[in-house]
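Working notes, structure below.
By convention in this document, chain letters (A, B, ...) are assigned in the order of the sequence lines, proteins followed by strands, and residues within each chain are numbered from 1.
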Number of protein chains: 2
Amino acid sequence: MGTTQLESVPEPKYWHLKTVIGEALDSEFEVGEILPNERELAARFGVARATLRQALEQLELEGRLQRRRGVGTTVAPPRVGVDVSTAQHQWPGAGEDTWQAVDCTSLVPPVAVARLLDLHADHDAEAGAEPVGPVYAVRRLRATHGQAVAAEQLYVPAASVPGLIVTPAMTGQALARGVLRELQRLPLEGQDRAVELGSARADDAKELDRLPGAPVLVVTTRYLSEGRTAAVSVATYRADTCRLTFGDVGDLQIAS
Amino acid sequence: MGTTQLESVPEPKYWHLKTVIGEALDSEFEVGEILPNERELAARFGVARATLRQALEQLELEGRLQRRRGVGTTVAPPRVGVDVSTAQHQWPGAGEDTWQAVDCTSLVPPVAVARLLDLHADHDAEAGAEPVGPVYAVRRLRATHGQAVAAEQLYVPAASVPGLIVTPAMTGQALARGVLRELQRLPLEGQDRAVELGSARADDAKELDRLPGAPVLVVTTRYLSEGRTAAVSVATYRADTCRLTFGDVGDLQIAS
DNA sequence: TAGTGGTCTAGACCACTCC
DNA sequence: GAGTGGTCTAGACCACTAC
């Protein structure tokens with residue numbers, strides 16, 4: 001053991017790069033400022049472009065950079081706190097809302113959603129009991145400060161909106177509003193929620209101004225009424241720009 | 001316009017690969033089953049290994065695959081639902097808990113945490129008012145089904161645990177338990193919470209059995225007592241294996 | 001020691017934005 | 001058309017695991 005310990009745990013280059021660039025962002029750059037392009041940066045640090053990109057990808061994942069094809073890489077503003085709390089036990093669309101209903105179609109829900117809609121809170125789900133048919137699928141978008149932050153698919157079985165009158169002349173948006181309005185007539189008993197990491201589907205990505213596969217936070221909400229699951233919402237939030245809040249923290253982000 | 005529309009939006013190869021492999025996982029593989037190695041798969045699909053890896057990375061991000069160096073790529077089990085709800089307004093460590101306190105040190109908190117600790121709920125934070133000195137930093141680990149799912153750093157100012165008696169002979173773990181015990185003497189008025197995407201720091205990664213930079217869900221909790229922020233918790237959950245629940249959904253995951 | 005995934009290179013071409 | 005980030009290739013070597 002006469003040798004000096006050189007690099008007992010040699011740090012990957014991209015990890016070191018990430019640290020160096022991250023520190024430079026804090027001290028030498030302003031929010032919105034544009035960085036040198038990738039080829040320039042790679043040359044400056046003496047690494048291959050792919051290696052540099054690995055570092056930039058991490059920084060983008062952490063919400064510190066924003067990259068746009070054809071434009072460049074800019075320093076991202078701090079993440080926006082988006083309230084996702086069970087606000088006053090409301091149905092979606094009730095009260096003043098940051099959501100905007102854009103469309104509504106009728107479709108057979110994905111199996112995972114169908115299973116959630118099948119679950120009855122008051123008795124065991126019997127195998128094969130009442131297969132879930134087509135449901136209303138309301139499409140909504142959420143914006144904050146002029147920026148689209150989330151796209152939602154709200155699944156509402158026809159049974160949950162018995163009073164809904166559908167005319168052939170109705171546009172998708174009018175139908176969406178009608179479904180939301182009727183939904184609010186039901187007594188809302190509770191909701192439960194789950195958050196997980198996902199990657200944006202092509203349609204969500206387009207509306208969130210991201211590339212397909214971009215990381216998103218998927219918030220699944222089950223709305224309970226009269227012992228049943230009256231509706232299921234699957235909302236995808238931009239993971240790079242959003243911090244989901246369940247209360248009133250709202251002020252600062254904790255980087256990791 | 002006499003040409004047939006060929007590929008108006010040519011799909012990237014890795015995106016197509018991800019779809020193909022994802023479907024194969026559903027139909028041809030069991031949970032825990034080991035996939036062919038990356039060189040083999042790349043050859044089979046006629047792409048470079050880097051391209052194949054891009055597809056595998058996405059599937060891992062979505063919690064559908066698990067990759068371990070030196071071992072191989074296996075089909076991941078469905079994500080575990082982990083309850084993160086504001087359970088009965090409890091202090092950390094109260095009641096039966098899935099958390100295990102492992103250590104406690106005294107340190108100067110990161111600036112972001114310091115700012116959260118500075119914020120007083122009952123009056124405006126005056127600039128320069130009472131700078132935050134060293135705080136107790138309790139380290140805890142959370143396990144489910146024998147699997148480590150989260151690592152937490154709990155920051156507790158000494159002012160929040162005035163009754164704590166520290167002896168030089170105390171181990172880190174004993175000190176951690178002491179801090180938690182004293183914390184529970186304070187009246188807990190509320191807590192608020194935020195969830196965002198991050199990447200695992202080296203120490204967290206090690207305890208979560210992941211590589212540094214692995215995607216994690218960072219849950220920041222502020223504990224309020226007597227109009228002050230009595231403690232701040234920063235917990236990092238494995239994003240690949242966890243689904244955070246805020247209620248009692250718990251049964252199924254919605255893939256995206 | 002053999003086999004795995006992780007890192008890295010030095011190129012190439014493509015899709016997009018802006019001028 | 002010039003410049004950007006996004007995709008892709010065909011290699012190489014390294015770190016880790018298991019036998």
Once side chain to side chain donor-acceptor pair (under 3.5 Å) is applied, do any residues pair with [X], and if so which ones, sequence neighbours excluded?
{"X": "A:Glu152", "answer": "A:Arg140, A:Ser233"}
{"X": "A:Arg49", "answer": "A:Glu38"}
{"X": "A:Glu207", "answer": "A:Arg139"}

(request) Please work out which residues in residues 51-59 of chain B have a non-hydrogen atom less than 4.0 Å from an atom of DNA chain C and list them by number. (result)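 The answer is B:Arg53.
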(request) Taking only heavy atoms on the protein side, list every residue of residues 38-46 of chain A lying under 4.0 Å from any atom of DNA chain C, sorted numerically. (result) A:Arg39
Without decimals, in angstroms, what is the distance between [X] [atom1] and [N] [atom2]?
{"X": "B:Glu11", "N": "C:dC14", "atom1": "CD", "atom2": "P", "value": "18 Å"}
{"X": "B:Lys13", "N": "D:dG6", "atom1": "NZ", "atom2": "C1'", "value": "14 Å"}
{"X": "B:Glu60", "N": "C:dT4", "atom1": "CD", "atom2": "C1'", "value": "14 Å"}
{"X": "A:Lys206", "N": "C:dA15", "atom1": "NZ", "atom2": "P", "value": "17 Å"}
{"X": "B:Arg210", "N": "C:dG5", "atom1": "CZ", "atom2": "C1'", "value": "12 Å"}

(message) Dot-bracket, 5' to 3', for DNA chain D please: Watson-Crick or G-U pairs under 3.5 Å, [ ] where pairs cross earlier ones, | where the partner sits on another strand, dots elsewhere.
(response) ||||||||||||||||||.
Sequence-distant partners of [X], side-chain contact (heavy atoms from CB on, under 4.5 Å), two or more places apart:
{"X": "B:Glu60", "result": "B:Arg67, B:Arg210"}
{"X": "B:Thr144", "result": "B:Val80, B:Val149"}
{"X": "A:Leu35", "result": "A:Leu25, A:Phe29, A:Leu41, A:Leu65, A:Thr73, A:Val75"}
{"X": "B:Thr74", "result": "B:Ile34, B:Gln66"}

(request) Select from A:Trp15 and A:Arg49 the residue whose nearest nucleotide in DNA chain C is closer to the 5' end of that strand. (result)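 Taking each residue's closest nucleotide, the earlier one in sequence belongs to A:Trp15.
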(message) Taking only side-chain N and O atoms of A:Asn37, does any of them lie within less than 4.0 angstrom of OP1 or OP2 on D:dT4?
(response) yes
(request) Return no unless some side-chain N or O of A:Tyr14 is found under 4.0 Å from OP1 or OP2 of C:dT7. (result)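 A:Tyr14 to C:dT7 OP1/OP2: side-chain N or O found under 4.0 Å.
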(request) Output all residues satisfying salt bridge (charged side-chain N to carboxylate O under 4.0 Å, His left out) with B:Asp203, sequence neighbours left out; order by chain, then residue number. (result) B:Arg201
(request) Using a strict cut-off of less than 4.0 Å between a Lys/Arg side-chain nitrogen and an Asp/Glu carboxylate oxygen, indicate whether B:Asp83 and B:Arg142 qualify as a salt bridge. (result) no
(request) Evaluate whether atom CG of B:Asp209 has more than 12 neighbouring non-hydrogen atoms of other residues, nucleotides or ligands under 6.0 angstrom away. (result)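 For B:Asp209, atom CG is not crowded (no more than 12 foreign heavy atoms under 6.0 Å).
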(request) Write down the atom of A:Leu17, the atom of A:Ala55, and the distance for their closest heavy-atom approach. (result)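 Looking at all heavy atoms of both residues, the closest pair is CB-CB, 3.8 Å.
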(request) Please work out whether the ring planes of A:Phe246 and B:Phe246 are parallel, tilted or perpendicular, with thresholds of 30° and 60°. (result) parallel
(message) Quick check against the 3.5 Å criterion: does B:Glu33 have a side-chain atom that pairs as donor or acceptor with the backbone of B:Glu30?
(response)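 Pair found, side chain donor or acceptor close to backbone of B:Glu30.
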(message) Which residues in residues 65-75 of chain A have a heavy atom closer than 4.0 Å to any atom of DNA chain D?
(response) A:Arg67, A:Arg68, A:Arg69, A:Gly70, A:Val71, A:Gly72, A:Thr73
